[in-house]
Every structure is written in structure tokens, then in C-alpha cells.
There are 2 protein chains.
Amino acid sequence: MFELDLRSRKPIYEQLVDKLKELIINDVLRVDEKLPSVRTLAQQLTINPNTIQKAYRELESQAYIYSIKGKGSFVNALAKNENVEELEKMKDELKKLIAEALFLGLSTSDLYSLIDEVDDVVGGGYTND
Amino acid sequence: MFELDLRSRKPIYEQLVDKLKELIINDVLRVDEKLPSVRTLAQQLTINPNTIQKAYRELESQAYIYSIKGKGSFVNALAKNENVEELEKMKDELKKLIAEALFLGLSTSDLYSLIDEVDDVVGGGYTND
DNA sequence: TAACTGTATTAATATATGTAATACAGTTGT
DNA sequence: ACAACTGTATTACATATATTAATACAGTTA
């Protein structure tokens with residue numbers, strides 16, 4: 001399904017969260033699609049089930065997935081704009097990064113291009129104009 | 001000078017790096033201006049000098065400051081576009097965040113606005129058109 | 001020389017991360 | 001009902017990282 005860098009200083013569960021978000025965002029994992037079970041994925045990646053669970057719990061708290069005891073974990077039909085808190089965090093993070101990028105020499109048009117580039121990839125299906 | 005959240009899960013030295021970057025980027029700390037000494041700042045913030053040093057070392061490795069033994073640490077006259085490696089990292093991070101932001105419901109025009117907003121604050125003096 | 005700078009090292013401690021083993025509860029298909 | 005699967009929780013242990021502490025060395029400055 002994907003690969004992890006076990007030697008990275010970045011915690012495994014964080015890598016997992018990032019990768020799964022990526023798959024969900026890029027529509028590789030579709031709404032209501034079942035994710036691998038905690039134990040199955042742990043076996044595939046040869047890491048501990050608890051670590052998977054930690055990642056899933058984090059994804060659930062961010063409303064990317066939902067879990068049902070006995071059934072499994074599934075991709076959430078994400079309510080756009082519902083997660084106001086997450087969205088504000090996101091904006092703050094973006095501002096910081098943008099300021100830093102401008103400082104390092106990127107131009108505003110460089111940044112515009114970056115947005116368009118990403119928007120093309122994700123299909124633009126998420127914009128609410 | 002600034003405040004830290006000692007209870008945060010984010011390491012103190014990382015908070016320090018972020019805050020100091022912010023001050024440098026927003027021109028509060030100017031080129032060649034002397035930063036507080038390791039020991040002074042440690043005393044002001046009531047944290048350990050080693051923690052300050054760790055932050056300063058990180059800032060130095062990212063070319064935001066330079067340090068001279070016996071004299072002090074100073075804001076660097078940052079060579080724009082020089083730090084190619086940092087810039088690529090930056091772009092990758094930005095792409096991830098942008099994809100996530102679009103997914104969470106932000107529109108491309110929301111993101112454009114965000115860029116303009118930040119650009120106004122930092123004065124636009126860093127764009128290389 | 002005294003008092004300041006950055007830098008380095010070693011040790012002790014606390015917290016975070018990951019593994020391991022085990023248990024409990026809900027679902028599904030036989 | 002049962003077996004085999006799901007998520008979830010707990011406890012313990014090992015390891016890595018973060019932080020403090022004490023101390024030392026080297027360069028600068030008045």
C-alpha cells in the first residue's frame with residue numbers, strides 16, 4: 001500500500017497519518033471505502049498494531065475516517081467547511097509557510113502557480129466558489 | 001521578547017526557531033542585528049542555555065543567523081535563492097498543505113488571498129520578479 | 001584581568017514513541 | 001453457537017528525544 005521510513009526522526013504514526021491523508025485527498029481511497037484492518041496493516045508494514053491504531057485514532061479525530069467496532073475503519077464523507085477548527089489551524093500554518101517561502105526568494109506568482117498545480121492534480125473538485 | 005508554551009508537545013527549541021524566524025522575516029530583527037546571548041535569553045525565558053543554543057544552531061544551519069565565538073549571534077543578510085535545498089523542502093511542504101486546505105474546503109481564490117495578505121505584511125520586498 | 005561571548009561534553013531526568021502481550025466487545029458468516 | 005474477523009483498551013518494557021544541570025574551553029572586549 002505504501003512505504004515507511006522506520007529510521008526517520010518523524011514518528012511512524014505521523015508518517016501513516018500523512019500518507020493516508022494523501023490517499024484520501026487524491027481520491028485513491030474513496031468515501032466509505034474500507035481501510036485495511038489494524039492488524040492486517042500492521043502485518044503488512046511489519047510494525048505494531050498499536051502504532052496503526054494511533055494513526056487511525058488521529059485520522060478519526062480529524063474527521064478523515066470513521067471507525068466502527070467489529071466492522072472496520074472507513075473513509076469519511078468529509079463535510080467540507082465543517083471542521084472550522086482544523087481549517088483555522090491550516091490557515092495559520094499556511095501563513096507561516098508562505099511568509100517563509102517569500103522570504104526565501106519565492107515570488108507571489110511562484111506561489112500562485114503552486115496552488116494551480118496542486119489544484120489540477122486533486123481535480124479542483126473541492127473548491128466551493 | 002516573546003513567550004513560550006512550556007507545556008506544548010512542540011519542543012521548546014522548535015518554538016524558539018519558529019518565533020525567531022518570524023521576527024527575522026517580519027523585519028523586527030534586522031540584518032546584522034545582535035540576538036540576545038545564549039545565557040541572557042536563557043535567563044529571560046527561564047530555560048536552559050543548551051536549549052537556546054540548540055535553536056541558534058538550527059537557525060544557523062538554515063542560514064537565518066550567523067554566530068561568532070566571543071562576539072555573539074547575528075541576523076544573516078540572507079542570500080535569496082541561495083538555499084536551494086531549503087526551498088525545495090519548502091515547496092513540498094506547501095504542496096501538501098495546499099492539497100489539504102483544498103480538501104478541507106478552501107477555494108483557490110481563498111488561497112490567493114492568503115498569499116496577498118501575507119505579502120502585504122512582509123512588504124513584498126522579497127519577491128524577485 | 002574580568003566579564004562577556006559561543007561552543008562542547010557528560011550526566012541525570014522526563015517525556016514521547018514504539019513494541020509486546022493480552023483482554024474485551026462488537027460483527028459476520030457458517 | 002461458534003470461529004474468525006473487526007476496533008479498542010491496558011499494562012509493561014525498551015528506546016529515542018528533549019530538557020536540565022554543571023562544567024569547561026576558547027575567543028572578544030573594555
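Each chain gets a letter, A, B and so on, in the order its sequence line appears, and its residues count up from 1. Side chains included, hydrogens not; waters and symmetry mates left out as well; all remaining heavy atoms used. Computed from a predicted structure; not experimentally measured.
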Describe the nucleic acid contact of [X] in one word from base, sugar-phosphate, nothing, applying a heavy-atom distance below 4.0 Å.
X     : result
A:R57 : nothing
B:E60 : sugar-phosphate
B:T40 : sugar-phosphate
B:R9  : nothing

### Message
Check this for me: B:E60, atom CD, are more than 12 non-hydrogen atoms of other residues, nucleotides or ligands nearer than 6.0 Å?
### Response
yes

Does [N] have its OP1 or OP2 closer than 4.0 Å to a side-chain nitrogen or oxygen of [X]?
X     : N      : value
A:T51 : C:dT19 : yes
B:S37 : C:dC4  : no
A:Y13 : C:dT17 : yes
A:K69 : C:dT27 : no
B:K54 : D:dA18 : yes
A:S73 : D:dG7  : yes

Nucleotide nearest [X] (side chain, heavy atoms from C-beta), chosen from [options]:
X     : options              : value
A:Q53 : C:dG6, C:dT17, D:dT8 : D:dT8
A:K34 : D:dT6, C:dT5, C:dG18 : D:dT6
B:N48 : C:dT7, D:dT20, D:dT8 : D:dT20

#### Entry: Spacing between B:K71 atom NZ and D:dT28 atom C1', to the nearest angstrom
8 Å

### Query
Nearest-Å distance, CD (B:E14) to P (D:dT17)?
13 Å

## Note on the structure
Comparing nearest nucleotides in DNA chain C, the 5'-proximal residue of the pair A:I12, A:R39 is A:I12

### Task
Please step through side-chain hydrogen bond (donor to acceptor under 3.5 Å, both in side chains) for the pair B:D116 and A:Y112, ending with a clear verdict.
CA-CA 10 Å; B:D116 294 337; A:Y112 289 154; 2.5 Å; yes

### Task
Step by step, work out the side-chain hydrogen bond (donor to acceptor under 3.5 Å, both in side chains) result for A:S113 and A:D110.
CA-CA 5 Å; A:S113 307; A:D110 287 337; 5.5 Å; no

